Undergrad: 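Shown below is the structure under consideration.
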Amino acid sequence: MFQLTEKQASGTGNPESVFISWLLWQPRGADLAAEALKEVHKLARLDNPDPDIARLKALFTSLAGADGPLH
């Protein structure tokens with residue numbers, strides 16, 4: 001059987017990998033800033049102090065072009 005040899009988060013990847021995958025799945029001509037803002041709002045609803053989630057949210061916030069905090 002499969003056994004984890006290291007303690008890892010149960011997520012599918014690091015924040016940068018998730019972000020790049022998301023970018024690659026966006027349709028041609030998509031408004032990336034607007035779509036990123038949608039993701040920021042989704043992540044803001046999570047009540048999770050995980051640093052990976054915070055990093056992913058920061059990546060989307062940066063792409064959305066936000067200067068201040070988004071909630």
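Only a predicted model underlies this, so the values are computations on that prediction, with no experimental measurement involved.
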Undergrad: Judged by atom type as modelled, is there a donor-acceptor pair below 3.5 Å linking the side chain of S21 to the main-chain atoms of S17?
TA: yes
Undergrad: Taking all heavy atoms of A36 and all of A64, pick out the closest pair and write down the distance.
TA: CB-N, 4.0 Å
Undergrad: Measuring from E39:CD to T61:OG1, what's the distance to the nearest 0.5 Å?
TA: 11.0 Å
Undergrad: Would you say F60 ends up clustered with W25 if hydrophobic residues are merged whenever their side chains have heavy atoms under 4.5 Å apart, either directly or through other cluster members?
TA: no
Undergrad: Decide yes or no on side chain to side chain contact (heavy atoms under 4.5 Å, CB included) for L63 and W22, but give the supporting numbers first.
TA: CA-CA 12 Å; L63 180 59; W22 177 87; 3.7 Å; yes
Undergrad: Starting at CZ of R55, measure out to CG of D52 and round the result to the nearest 0.5 Å.
TA: 10.0 Å
Undergrad: What are the two closest non-hydrogen atoms of P15 and L56, and how far apart are they?
TA: O-CD1, 3.6 Å
Undergrad: Would you compute the distance between atom NZ of K38 and atom CG of L43 and round it to the nearest 0.5 angstrom?
TA: 14.5 Å
